[in-house]
Amino acid sequence: MRRTIDWVNGAIEIIDQVALPGEYRTLRLTTVDELIGAIQRLAVRGAPALGGAGALGTALAAFAHDDPAEVRADAERLAGARPTAVNLSWGVSRALARLGDGPEAVLAEALALLDEDERLNHEASARAAELILEKCPRRPLRLLTHCNAGRLATVGWGTALGVVWHLHAAGHLEYVLADETRPLLQGARLTAWELAEAGVPYRVLPDSAAAAAMARGMVDCVVVGADRIAVNGDVANKIGTYGLALAAARHGLPFVVVAPSSTVDPELRSGDSIVIEERAAEEITTVSGTPVAPPGTKVFNPAFDVTPAELITAVVTEKGPLAP
């Protein structure tokens with residue numbers, strides 16, 4: 001699997017996720033401003049991938065400036081590019097801690113973080129796959145997922161879709177149901193693209209059809225990623241995750257969250273304190289530039305919601321199920 005984000009010949013190279021599935025292309029980013037722009041328009045997205053972006057962006061700043069104060073100013077802007085995903089600021093902080101040793105040391109730390117992300121996501125998803133096999137007696141399994149928590153959301157491999165890769169390789173998977181994930185369709189555009197590329201049977205469904213699929217006995221387990229996890233087990237993830245958890249609880253289905261331990265915020269006591277990013281109204285009122293609502297329509301467009309710990313069967317990291 002090609003990395004979603006990497007350091008190539010003195011610059012950051014990313015897979016441009018805005019272009020998928022129509023076009024597969026990479027972008028070369030040479031400045032922190034270019035990286036911030038790519039993050040904010042979701043050309044690179046997903047909590048673990050944003051951790052890599054934060055670290056590599058700090059390396060870019062370290063090579064660009066001789067004055068440590070200027071590096072720190074760029075790092076601060078980068079860390080605030082998207083407020084909900086804790087991995088972004090975590091990646092920035094981790095790389096910035098090596099600034100006193102010079103830009104090469106900052107880059108070395110960033111590259112170590114990339115390697116670590118791939119390894120930890122592989123381990124976390126393997127542990128989650130084992131847990132799901134224990135919780136779900138039916139074989140082969142039918143999984144439902146939301147948004148995109150595959151290799152495109154990480155440096156490599158994936159979290160929730162990492163579980164899919166493990167189960168598919170072992171012959172334990174019948175199919176995956178992928179929520180389209182309104183309004184930007186990360187499920188239909190990105191998750192479906194990854195599943196098709198891997199040869200995994202899948203179907204895309206409207207977000208509003210997920211509960212009906214559960215009611216019809218089409219789902220054995222819901223598995224999702226995370227953007228921020230509080231120490232009490234509350235989870236912030238793509239908008240619509242909370243509704244899925246409510247539906248899963250109503251139908252007695254396991255609801256499993258998979259993430260590296262870097263997504264756990266040790267300073268956050270509960271999900272009540274998570275800052276939820278709100279995005280532009282145009283994401284709701286237009287589709288591919290065509291208006292679908294009357295002019296002047298006001299919207300509520302949060303990028304994330306918070307699922308309470310009591311609705312979650314398990315939050316699984318590379319260390320195993322998280323104890324709140």
Side-chain angles (χ1 to χ4, degrees), residues 121-151 153-154 157-181 186-188 190-226 229 233 235 237-259 305 307-318 320-322:
N121 287 323
H122 198 283
E123 293 174 3
S125 58
R127 288 179 175 271
E130 292 172 0
L131 182 142
I132 290 170
L133 288 171
E134 293 172 4
K135 296 286 184 181
C136 302
R138 186 189 187 277
R139 300 289 186 275
L141 292 166
R142 293 93 42 91
L143 302 183
L144 188 147
T145 192
H146 189 67
C147 195
N148 171 260
R151 70 180 180 93
T154 65
W157 186 256
T159 54
L161 286 192
V163 173
V164 170
W165 312 144
H166 285 296
L167 294 176
H168 180 62
H172 294 317
L173 188 69
E174 182 174 343
Y175 60 70
V176 174
L177 293 178
D179 278 352
E180 61 174 352
T181 316
Q186 291 97 330
L190 306 179
T191 295
W193 182 82
E194 288 199 50
L195 293 168
E197 187 182 51
V200 175
Y202 72 93
R203 296 166 75 180
V204 172
L205 71 164
D207 298 355
S208 51
M214 296 179 197
R216 291 179 60 176
M218 298 169 63
V219 180
D220 298 309
C221 180
V222 179
V223 58
V224 299
I229 302 168
V235 170
N237 194 48
K238 179 56 57 185
I239 188 70
T241 303
Y242 181 22
L244 273 185
L246 289 168
R250 171 65 179 82
H251 294 92
L253 297 174
F255 187 93
V256 178
V257 177
V258 190
D305 56 26
T307 300
E310 57 264 28
L311 293 176
I312 298 170
T313 304
V315 173
V316 185
T317 73
E318 73 279 1
L322 179 70

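It should be emphasised that the depicted structure is a prediction, and the values quoted were computed from it without experimental measurement.
Taking both residues in full, the closest heavy atoms of G225 and V257 are given as O-CG1, 3.7 Å, listed atom of the first, atom of the second, then distance. Between D305 and G240, the shortest heavy-atom distance links the atoms OD2-N, 2.8 Å. Nearest approach of V258 to T159, heavy atoms of both residues: O-CB, 3.4 Å. Taking all atoms of both residues into account, the shortest heavy-atom contact from A128 to V316 is N-CG1, 3.7 Å. The two residues A259 and I229 come nearest to each other via the heavy atoms CB-CD1, 3.9 Å.
Distance check, rounded to the nearest 0.5 Å: CH2 of W165 to NE2 of H122 gives 12.0 Å. C221 contributes atom SG, which lies 9.5 Å from atom CG of L144 (distance to the nearest 0.5 angstrom). Rounding to the nearest 0.5 angstrom, the gap separating the CG atom in L161 from the OG1 atom in T154 is 9.0 Å. Between the CD1 atom in I132 and the CZ atom in R127 there is a gap of 14.0 Å [rounded to 0.5 Å].
With sequence neighbours excluded, the residues satisfying side chain to side chain donor-acceptor pair (under 3.5 Å) with N148 are R45, T191, E194. For the side chain to side chain donor-acceptor pair (under 3.5 Å) test, residues two or more places apart in sequence or in another chain that qualify with S125 are W157, H166. Judged as a salt bridge (Lys or Arg N to Asp or Glu O under 4.0 Å), and not counting sequence neighbours, the contacts of E123 are R119. For R142, the salt bridge (Lys or Arg N to Asp or Glu O under 4.0 Å) criterion is met by D220, not counting sequence neighbours. Residues forming a salt bridge (Lys or Arg N to Asp or Glu O under 4.0 Å) with E310 (at least two apart in sequence, or on another chain): none.
The side-chain heavy atoms of V164 and T145, taken from C-beta on, include no pair separated by under 4.5 Å. Taking 4.5 Å as the limit, some side-chain heavy atom of I312 sits within range of a side-chain heavy atom of T307. Between P321 and L131, the closest side-chain pair of non-hydrogen atoms falls below 4.5 Å. At a threshold of 4.5 Å between non-hydrogen side-chain atoms, the residues V224 and C147 do not count as touching.
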Which side-chain N or O atoms in residues 169-177 pair as donor and acceptor under 3.5 Å with protein atoms at least two apart or in another chain?
{"from": "E174", "atom 1": "OE1", "to": "R138", "atom 2": "NH1", "distance (Å)": "3.0"}
{"from": "E174", "atom 1": "OE1", "to": "R138", "atom 2": "NH2", "distance (Å)": "3.1"}
{"from": "Y175", "atom 1": "OH", "to": "M218", "atom 2": "O", "distance (Å)": "2.7"}

Kindly list each side-chain donor-acceptor pair under 3.5 angstrom involving residues 199-212, sequence neighbours excluded, with atom names and distances?
{"from": "D207", "atom 1": "OD1", "to": "E180", "atom 2": "N", "distance (Å)": "3.3"}
{"from": "D207", "atom 1": "OD1", "to": "T181", "atom 2": "N", "distance (Å)": "2.7"}
{"from": "D207", "atom 1": "OD2", "to": "R182", "atom 2": "N", "distance (Å)": "2.9"}

Determine all donor-acceptor pairs shorter than 3.5 Å in which one atom belongs to a side chain in residues 241-249; sequence neighbours excluded.
{"from": "T241", "atom 1": "OG1", "to": "N237", "atom 2": "ND2", "distance (Å)": "2.9"}
{"from": "T241", "atom 1": "OG1", "to": "K238", "atom 2": "O", "distance (Å)": "2.7"}

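Checked for salt-bridge contact, E130 and K135 miss the test: no charged N lies under 4.0 Å from a carboxylate O.
In this structure, R250 places its CZ atom where only 12 or fewer heavy-atom neighbours from other residues, nucleotides or ligands lie under 6.0 Å away.
Annotation: salt bridge (charged side-chain N to carboxylate O under 4.0 Å, His left out) contacts involving residues 158-167, sequence neighbours excluded, are absent.
Side chain of T313 to backbone of P254: no donor-acceptor contact under 3.5 angstrom is found. Of the possible polar contacts, none joining the H146 side chain to the V222 backbone as a donor-acceptor pair under 3.5 Å is found.
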